[in-house]
Amino acid sequence: MAAKRKTPVKSRNPDLIRGVGKYSRSKMYHKRGLWAIKAKHGGVFPRHDPQPKAPSAAEKPSKFYPADDVKKPLLNKRKPKPTKLRASITPGTVLILLAGRFMGKRVVFLKQLPSGLLLVTGPFKINGVPLRRVNQSYVIATSTKVDISGVNLEKFDDKYFAKEVEKKKKKGEGEFFEAEKEDKKKLPEDKKEDQKAVDTSLIKSIEGVPDLKAYLAARFSLKSGMKPHELAF
Amino acid sequence: MPFKRYVEIGRVALVNYGKDYGKLVVIVDVVDQNRALVDAPDMVRGQMNFKRLTLTDITIDIPRVPKKKTLIEAMEKDDVKTKWENSSWGRKLIVQKRRASLNDFDRFKLMLAKIKRAGVVRQELAKLKKENSS
């Protein structure tokens, strides 16, 4: 192969219209400098012999030929991107949760996880919402923002929130009674530590704004006369 | 009950329908029985049906179809903006706009303020009741 350039050259022959170049063959010969290459090699254009190919291993004839042709499915190289985040949702925005156990709670948005879900925290001490994932569609973004600069969110991703896999137990009569005893799963200590680490700097910036703490502690609800399509959040 | 506000040249009106909803305009000429030529400092002079206008109490002194410059000068001289903003109608509109633009956080703070004020009023009332009864 001839030596490759550092950056590939864009065509020296711009299109007048599709299919028709600006320069003729003779002009292009001069533009590409083929005359100089020829001159360097004594009037003959340099020719490289093909490099000898490495001998390929002899293929064994296969023992089995299928009767019918099997169709191969088309190749899919698609890499899904995380959901497009609404412009109103930026790190530190106060969100209102619309569904689930914490319906109506006002919550601080931390970051968008690679699966597209939003990572969100109460903070836990203020309204009881832990570090949690939430779908963008079940959320109203308010225009209130909290300062989130002091928080380190590197370690949180979707794997952090995966369910713990339980080891399978063999069924036996005695086992049934034991299984009934341990029904409540304890939250591991490191998750509690993570919650505290995220919340301490958040709570400090929240307490800097008057009434914000009480605001986050209260739930949102529609009262009489409130028209959601006319409300500014 | 006679009419108090008349359509005349120089009458300031509020637009109550259409693209220019909520704007204050000045009637600058009358086209026919139903339409007026209307002008404001920030819009192109154009015709408008009277049904789209609500007359206000404010009038300014202008000749028929004044130039934009004269119109603006006349409006400044008669202080249309301050008169409007001090009138009860104008103040109500400003309050309505403010209330509509309230944030969710602002509404929460408003609720706290209302509760606080009600508490203070109730305390005063209780004091007065006590003084009266004793």
Side-chain angles (χ1 to χ4, degrees), chain A residues 86-98 102-109 120 122-123 126-127 129 134 138-148 202-203 205-233, chain B residues 13-25 40-43 48-49 51-56 81-82 84-126:
Chain A
R86 269 182 269 165
S88 53
I89 303 180
T90 62
T93 315
V94 173
L95 308 173
I96 301 177
L97 300 180
L98 295 174
F102 301 104
M103 185 161 40
K105 293 266 190 196
R106 296 169 171 123
V107 125
V108 177
F109 169 65
V120 126
I126 296 184
N127 54 19
V129 179
V134 134
Y138 298 96
V139 135
I140 295 181
T142 66
S143 50
T144 319
K145 311 259 186 239
V146 172
D147 181 22
I148 210 177
L202 258 185
I203 291 181
S205 45
I206 287 173
E207 285 176 348
V209 183
D211 292 332
L212 189 58
K213 196 162 176 211
Y215 174 62
L216 290 176
R219 280 209 204 221
F220 172 83
S221 72
L222 281 179
K223 310 265 179 7
S224 179
M226 288 170 105
K227 299 174 193 158
H229 69 294
E230 285 179 359
L231 289 179
F233 283 98
Chain B
L14 187 70
V15 180
N16 59 29
Y17 181 88
K19 194 174 64 117
D20 302 309
Y21 180 85
K23 272 207 197 148
L24 276 184
V25 291
D42 59 340
M43 73 181 244
M48 232 185 235
N49 193 314
K51 292 187 177 176
R52 289 196 178 194
L53 299 172
T54 327
L55 303 179
T56 67
K81 197 158 188 270
T82 33
W84 177 246
E85 283 169 7
N86 293 336
S87 71
S88 62
W89 184 1
R91 276 183 286 137
K92 268 190 270 177
L93 284 189
I94 291 174
V95 168
Q96 275 176 21
K97 267 203 205 106
R98 179 84 184 94
R99 285 208 182 130
S101 70
L102 280 182
N103 199 347
D104 190 43
F105 189 27
D106 291 335
R107 268 176 263 134
F108 180 78
K109 286 190 272 189
L110 182 69
M111 174 190 75
L112 293 183
K114 278 189 182 172
I115 292 172
K116 208 170 181 195
R117 180 174 69 163
V120 171
V121 166
R122 221 172 282 149
Q123 269 187 340
E124 283 301 315
L125 185 64

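Because the structure is predicted, anything quoted here is derived from the model rather than measured. Lettering of chains follows the sequences in order, A, B, ..., and the numbering in each one begins at 1.
- Counting heavy atoms of neighbouring residues, nucleotides and ligands inside a 6.0 Å radius, atom NZ of B:Lys81 does not exceed 12 of them.
- For a residue to count as touching a neighbouring chain, one of its non-hydrogen atoms must lie under 4.5 Å from one of that chain's; by this rule A:Thr142 touches chain B with the side chain only.
- Residues of residues 88-97 of chain B having a heavy atom under 4.5 Å from any heavy atom of chain A: none.
- Within a 6.0 Å sphere centred on CE of A:Met103, heavy atoms belonging to other residues, nucleotides or ligands number 12 at most.
- Screening A:Val134, A:Val139, A:Val129 for a side chain to side chain contact (heavy atoms under 4.5 Å, CB included) involving A:Val107 leaves a single residue, A:Val129.
- Between A:Phe220 and B:Asp104, some side-chain heavy-atom pair lies under the 4.5 Å cut-off.
- The backbone N or O of A:Asp147 lies less than 3.5 Å from a partner atom in the side chain of A:Ser205, making a donor-acceptor pair.
- Side-chain N/O atoms of B:Asn16 and B:Thr54 include a donor and acceptor closer than 3.5 Å.
- Only the side chain of B:Leu112 comes within less than 4.5 Å of a heavy atom in chain A; its backbone stays farther off.
- More than 12 heavy-atom neighbours from other residues, nucleotides or ligands sit within 6.0 angstrom of CZ on A:Arg86.
- Residue-level contacts of residues 208-216 of chain A with chain B, in order of numbering, are A:Val209, A:Pro210, A:Asp211, A:Leu212, A:Ala214, A:Tyr215; threshold 4.5 Å between heavy atoms.
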Practice task
Using the side-chain contact (heavy atoms from CB on, under 4.5 Å) rule, take A:Ile126 and A:Ile206 through it: C-alpha gap first, then chi angles, then the decisive distance, then the call.
Solution key: CA-CA 10 Å; A:Ile126 296 184; A:Ile206 287 173; 4.0 Å; yes
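- Side-chain contact between B:Lys109 and B:Asn103 is absent, with no heavy-atom pair separated by less than 4.5 Å.
- Contact annotation: the side chain of A:Thr93 never approaches that of A:Ser88 to less than 4.5 Å [non-hydrogen atoms, C-beta and beyond].
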